[in-house]
Amino acid sequence: MTDQSIGSPAAARSKTPVNSPAQVLLASLIGTTIEFFDFYVYATAAVLVFPALFFPASDPTTALLASFATFSIAFFARPFGAIVFGHFGDRIGRKATLVAALLTMGVSTVVIGLLPTYAQIGVAAPALLALCRFGQGFGLGGEWGGAVLLATENAPEGKRSWYGIFPQLGAPVGLFLSSGFFWVLLHFMSQEDLLAWGWRLPFLASIVLIALGLWVRLSITETPEFSDAVKRDKRVSVPVVELFRNHKRSLFLGTFVALVTFVLFYICSAWLLSYNVKVRQVPFLDALLLQIYGSVIFGIAIPIAGKIADRTGRRPFLMVVTVLIGAFSFFLAPLMSGSEAALYAFVTLGMFLMGLTYGVIGAALAAPFPTQVRYTGSSITFNFAGIFGASLAPYAATWLQKTYGLTHVGYYMLAAAVVTLLCLIASGKDEV
């Protein structure tokens with residue numbers, strides 16, 4: 001695999017003081033962990049508490065769909081964040097932009113924890129919730145691409161996939177922490193207290209995580225490849241214009257290469273949680289425990305993916321995993337409608353496959369873009385994929401299950417796998 005850049009990465013490192021591997025990997029991991037913790041706290045609350053607190057005038061199913069609709073707002077905000085933060089990340093540097101993205105996400109999350117409910121201010125409550133959700137998506141749109149570049153642009157030759165897994169580990173760690181937080185709350189308070197005030201605690205607790213993330217982020221230096229681009233005066237005035245002028249193919253293919261990654265994850269997390277609680281009537285604690293278990297499986301698979309992909313190449317590795325996801329889609333209905341053991345089997349298989357595809361998708365989406373537009377390019381492709389693959393996945397799966405049954409949710413996942421596989425086939429060896 002060849003990774004494009006301005007000049008030689010090795011030459012860039014010889015001219016620029018580099019961060020230690022521990023600094024790089026911790027800074028890339030801590031930021032995405034915080035961002036995804038904030039993001040998934042909302043996803044969990046969208047199932048457990050928001051339908052009752054912010055959309056109580058509706059029947060239960062409609063309230064859940066309305067809650068998922070606000071959930072999806074963040075995915076439409078993410079490309080805007082990618083463009084804005086990507087512009088500054090490619091113009092002034094990865095470090096400062098990552099700090100700004102972290103603050104944007106953090107402030108939006110804390111404000112959610114302070115919002116009045118529908119019972120207190122009426123329809124203004126869901127409107128404010130939607131605005132804060134937009135802020136979450138805007139911040140995450142700028143965080144992910146920069147964190148991946150912080151890791152991969154500091155990586156030794158031949159280890160970009162391995163370094164690229166560390167920001168990706170933020171997703172399972174964030175999922176584990178957010179689900180675990182709600183699980184602990186339900187052990188120490190009643191569901192009535194959770195609805196009354198306890199739900200606010202995870203959102204407010206992110207203040208502590210944000211302070212930690214800022215401390216780590218401010219301690220690092222700029223990446224060698226970006227520093228080299230600055231010295232060579234290779235930056236472009238408006239990265240997004242350059243991107244859409246000369247890199248449209250990479251944008252298109254990257255968006256749909258990541259499609260099945262998003263569909264699989266949000267079916268196996270946000271939608272699964274709602275299905276267990278609302279349809280199967282699984283107790284909140286048991287449903288959260290299943291999600292916590294899934295986050296562990298997810299995290300275990302990510303480093304496995306990084307090691308294998310550096311040896312085999314990202315493209316052939318992703319092709320094999322995508323075929324396996326397509327095969328897995330046929331097991332969705334029988335496992336989801338089976339016993340508790342079958343549910344755990346579904347989560348084990350689904351989240352392991354998720355770890356395999358998600359573990360290398362960051363490095364894969366960054367690979368085809370040169371340094372001067374890499375922040376913007378990788379961020380936009382990842383977040384466009386989020387719109388097509390994730391924003392509507394919980395909503396679509398809920399509607400398909402209610403209207404046609406679980407088998408059609410499997411078909412939905414299969415369709416995403418087919419699209420991703422076709423785009424991987426169309427990609428050249430240096431485009432993933």
Side-chain angles (χ1 to χ4, degrees), residues 75 161 164-165 168 171-172 175 253-273 275 290-291 293-309 312-338 342-365 381-382 384-394 396-397 400-401 406-427 432:
F75 292 95
S161 293
I165 72 163
Q168 304 300 78
L175 178 61
L253 290 176
T255 295
F256 292 101
V257 159
L259 182 71
V260 77
T261 302
F262 280 98
V263 170
L264 175 64
F265 179 71
Y266 283 95
I267 283 179
C268 290
S269 58
W271 175 73
L272 176 64
L273 182 63
Y275 175 81
L290 183 64
Q291 187 152 290
Y293 167 77
S295 69
V296 174
I297 300 299
F298 183 16
I300 289 171
I302 286 177
I304 295 172
K307 284 293 186 183
I308 296 174
T312 65
R314 289 182 291 268
R315 180 168 171 261
F317 177 79
L318 285 171
M319 291 175 72
V320 170
V321 175
T322 301
V323 170
L324 292 175
I325 294 171
F328 171 67
S329 68
F330 291 100
F331 293 91
L332 184 147
L335 291 176
M336 288 287 295
S337 58
L343 271 180
Y344 270 89
F346 172 80
V347 171
T348 301
L349 293 171
M351 294 305 270
F352 190 82
L353 288 170
M354 178 61 201
L356 294 183
T357 180
Y358 189 75
V360 299
I361 203 69
L365 295 185
T381 53
F382 183 78
F384 275 180
I387 289 179
F388 292 106
S391 66
L392 300 178
L400 286 169
Q401 180 272 322
L406 285 170
T407 302
H408 283 73
V409 180
Y411 294 157
Y412 174 51
M413 186 189 296
L414 176 64
V418 169
V419 171
T420 289
L421 184 61
L422 291 174
C423 288
L424 284 167
I425 293 170
S427 300
V432 174

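Source: prediction; values computed, not measured.
Distance check: Met319 CE to Leu422 CG gives 9.5 Å after rounding to the nearest 0.5 Å. Phe346 contributes atom CZ, which lies 11.0 Å from atom OG of Ser337 (distance to the nearest 0.5 angstrom). For the atom pair CD1 of Ile302 and OG1 of Thr357, the computed distance is 10.5 Å after rounding to the nearest 0.5 Å. Taken from CG in Leu400 to OG1 in Thr407, the straight-line distance is 11.0 Å, to the nearest 0.5 Å. Separation of atoms CG (Leu353) and OG1 (Thr261) is listed at 10.5 Å; rounding is to 0.5 Å. Here OG of Ser295 is found 9.5 Å from CD1 of Ile300. Values are rounded to the nearest 0.5 Å.
Of all the heavy atoms in Gly359 and Ala305, the pair that sits closest is CA-CB, 4.4 Å. Pairing each heavy atom of Arg315 with each of Ile425, the nearest pair is NH2-O, 3.1 Å. Scanning all heavy atoms of the two residues, the minimum distance from Gln291 to Ala270 falls at OE1-N, 4.5 Å. Of all non-hydrogen atoms in Pro172 and Phe298, the two that sit nearest each other are CB-CD2, 3.5 Å. Across every non-hydrogen atom of Ala309 and Val360, the tightest pair is CB-CG1, 3.4 Å. Across Leu365 and Ala258, no two heavy atoms sit closer than the pair CD1-CB, 4.2 Å.
For the side-chain contact (heavy atoms from CB on, under 4.5 Å) with Phe256, the lone residue among Thr420, Thr381, Val419 that qualifies is Val419.
Looking at Ile361 and Val257, their side chains come closer than 4.5 Å, going by heavy atoms from C-beta outward. Put simply, the side chain of Phe265 does not reach to within 4.5 Å of the side chain of Tyr358, judged on heavy atoms. Using a 4.5 Å cut-off on side-chain heavy atoms (C-beta onward), Leu332 and Ile267 make contact. Contact of the Trp271 side chain with the Val409 side chain is registered, since non-hydrogen atoms from C-beta on lie closer than 4.5 Å. Under the 4.5 Å side-chain criterion, counting only non-hydrogen atoms from C-beta, Met413 is in contact with Phe328. Met354 has its side chain out of reach of Ile297: every pair of non-hydrogen atoms, C-beta onward, lies at least 4.5 Å apart. Inter-residue side-chain proximity for Leu272 and Leu290 is flagged as met; some heavy-atom pair is nearer than 4.5 Å.
Judged by distance alone, the side chains of Tyr412 and Ser329 never bring a donor and an acceptor atom under 3.5 Å apart.
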Checklist line | Verdict with reasoning, Thr255 to Phe388, per side chain to side chain contact (heavy atoms under 4.5 Å, CB included) | finding: CA-CA 8 Å; Thr255 295; Phe388 292 106; 3.9 Å; yes
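Counting heavy-atom neighbours within 6.0 Å of Tyr344 OH, excluding the residue itself, gives a total above 12. Atom OH of Tyr411 has 12 or fewer heavy atoms from other residues, nucleotides or ligands within 6.0 Å.
If you look at Phe262 and Phe384, their ring centroids are not closer than 6.0 Å.
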